[in-house]
Number of protein chains: 2
Amino acid sequence: MSERTVPRYAVLASQLRADILARRLKPGDPLPTEAQLSAAFGVSRFTVREALRALAGEGLIRRRRGSGTRVADGRPALRQALADTRALLQYAAASSFQISPARPVSLRAPEAALLGRPPGEPWLHVRGIRVMDGAAAPIAVTDAYLHPRFAPVVDRLESGHEALFSQLARLAGLRITRVTQEIQAVNATAAEAGLLGIGRGAACLRIIRHYFEDGDSLVEMSCSVHPGERFTYMVETSG
Amino acid sequence: MSERTVPRYAVLASQLRADILARRLKPGDPLPTEAQLSAAFGVSRFTVREALRALAGEGLIRRRRGSGTRVADGRPALRQALADTRALLQYAAASSFQISPARPVSLRAPEAALLGRPPGEPWLHVRGIRVMDGAAAPIAVTDAYLHPRFAPVVDRLESGHEALFSQLARLAGLRITRVTQEIQAVNATAAEAGLLGIGRGAACLRIIRHYFEDGDSLVEMSCSVHPGERFTYMVETSG
DNA sequence: GAGTGGTCTAGACCACTAA
DNA sequence: TAGTGGTCTAGACCACTCT
């Protein structure tokens with residue numbers, strides 16, 4: 001009765017990730033060596049390395065030849081929060097999202113251009129406001145567009161901590177394999193300024209995301225606007 | 001008389017990358033299968049996969065189980081330009097950078113806070129303006145801070161297409177292993193607006209980068225300000 | 001059913017770090 | 001010098017796509 005289709009390296013990575021996020025392994029602490037992990041979990045060194053590669057890609061650990069592997073220091077919160085679709089979930093978990101009821105729209109010219117889609121295309125529109133846990137002012141206003149095929153389930157979408165695409169995964173078997181993001185600086189419009197509680201013209205980060213399913217079909221788009229002074233996007237890369 | 005210390009997968013990746021960037025392989029074109037590449041280059045499948053993994057990470061190719069590997073479509077220009085330090089070089093190659101002479105500074109309070117360093121710390125400061133090839137208006141004004149140990153060579157830094165850290169690699173054996181980036185939206189100051197030819201208060205992307213060498217020693221920092229309407233930061237992730 | 005990429009094993013040698 | 005992570009080989013089985 002063993003699990004299937006979830007790779008062993010992913011299981012191992014989740015376990016180590018949980019240890020780090022729960023601070024059972026603290027910043028600076030050494031991880032077991034590859035040989036030790038390999039023996040302890042009864043998997044090959046390849047599998048161990050795949051797991052550690054994932055964690056390194058998320059910025060959670062740091063590796064050095066000859067020296068070893070240690071838990072990365074630095075803020076554990078939003079750092080590299082958007083490294084991959086798994087990490088996107090963690091980001092969503094630290095904030096909550098108040099959404100409006102979904103309604104069908106056909107893209108008008110300006111939003112079509114913004115999203116890079118043909119005008120008139122049908123989508124399901126949801127407007128959401130994101131607030132970090134414990135904070136008062138919102139960190140984003142988001143316009144999300146869902147593929148019309150989700151029409152039967154959009155009424156069951158809920159506000160809260162769970163990301164939209166995660167809810168859709170549960171409700172409709174959606175499986176995102178790729179996300180593109182375009183990040184730009186824009187001056188807040190009057191409407192955005194009102195929603196975010198900032199001055200008109202204040203600098204904002206606008207992040208346009210396109211979510212693709214297996215086989216490159218576009219299933220969700222979103223345009224988020226974050227107040228400049230309340231939001232920093234962090235990326236870390238090694239190579 | 002073979003090369004050393006440059007891994008075979010990196011050689012293979014460079015070769016395929018060059019084919020793609022030179023459009024000998026066009027968007028949508030299929031790449032040879034892993035087995036074919038393995039046979040053609042006389043390396044194991046592992047080595048082929050490491051090379052392809054690198055290209056996929058840069059957003060240059062797209063892979064699908066059962067289906068094959070194809071050159072990614074979409075703008076080849078700045079997309080995922082900052083995926084890793086190698087790609088950073090390509091980004092620098094498509095633009096040129098006019099720099100001022102380096103001079104020693106000790107960080108004043110505001111810039112120290114911005115860069116996350118203690119006030120008074122000694123660095124070598126270089127101011128640079130970046131212009132895309134063939135364009136008139138600049139896409140960035142950058143303040144770079146180099147580690148004082150580079151003092152003997154900073155006079156040999158040149159304007160042009162080569163990135164600062166790449167020049168330092170050549171001149172002083174620098175080897176960057178990690179880069180962190182913080183991206184924020186800010187309103188242009190009067191000084192920035194003047195340098196960039198935009199209106200005061202226009203939304204700009206500010207990217208603060210920290211460059212680390214082997215062993216986590218900080219060797220370069222930079223703060224770049226890009227006009228919002230001329231610069232988009234793109235990220236693509238799969239998982 | 002043939003062929004693709006994804007996962008995984010059991011080895012090996014090497015570059016590098018630290019003691 | 002002993003031990004680390006980085007590279008690499010030669011296999012294997014599987015999930016998936018395409019026909």
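All figures in this text were calculated on a predicted structure; none of them were measured in a lab. Proteins come first, then strands; the chains are lettered A, B, ... in the order of their sequence lines, and each starts at number 1.
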Protein-nucleotide distance ([X], atom [atom1]; [N], atom [atom2]), rounded to Å:
| X | N | atom1 | atom2 | value |
| --- | --- | --- | --- | --- |
| L55(B) | dG5(C) | CG | C1' | 15 Å |
| L31(B) | dT4(C) | CG | P | 13 Å |
| L52(B) | dT4(C) | CG | P | 13 Å |
| I61(B) | dT4(C) | CD1 | P | 15 Å |
| E50(B) | dG6(C) | CD | P | 12 Å |

Tell me whether the side-chain N/O atoms of [X] come closer than 4.0 Å to OP1 or OP2 in [N].
| X | N | value |
| --- | --- | --- |
| R63(B) | dT4(C) | no |
| Y9(A) | dT7(C) | yes |
| T33(A) | dT4(D) | yes |
| T69(A) | dG5(D) | yes |

Tell me, do [X] and [Y] make a side-chain contact under 4.5 Å, heavy atoms counted?
| X | Y | answer |
| --- | --- | --- |
| L52(B) | L37(B) | yes |
| L146(B) | L157(B) | yes |
| F41(A) | Q15(A) | yes |
| V71(A) | L31(A) | yes |
| P119(A) | L107(A) | no |
| E50(B) | L12(B) | no |
| F150(B) | H147(B) | yes |

Q. In terms of side-chain heavy atoms of R49(B), which of dG5(C), dC8(C), dC8(D) is nearest?
A. dG5(C)
Q. If you check the R64(B) side chain, which of dG6(D), dC18(D), dC8(D) turns out closest?
A. dC18(D)
Q) In the 5'-to-3' direction, what one-character label does each nucleotide of nucleotides 9-14 of chain D receive under the scheme B = base within less than 4.0 Å of a protein heavy atom, S = sugar-phosphate only, - = no such atom? A) B--B--
Q: To the nearest 10°, let me know how far the axis at one end of the helix from dG1(C)-dC18(D) to dA18(C)-dT1(D) is tilted from the axis at the other, five pairs an end.
A: 10°
Q.
I need the single residue from H210(B), E111(B), E121(B), E220(B) that forms a side chain to side chain donor-acceptor pair (under 3.5 Å) with Y145(B). Which is it?
A. E111(B)
Q. Going through the checks in order, is the side-chain contact (heavy atoms from CB on, under 4.5 Å) test met by Y9(A) and V43(A)?
A. CA-CA 9 Å; Y9(A) 71 80; V43(A) 298; over 6 Å; no
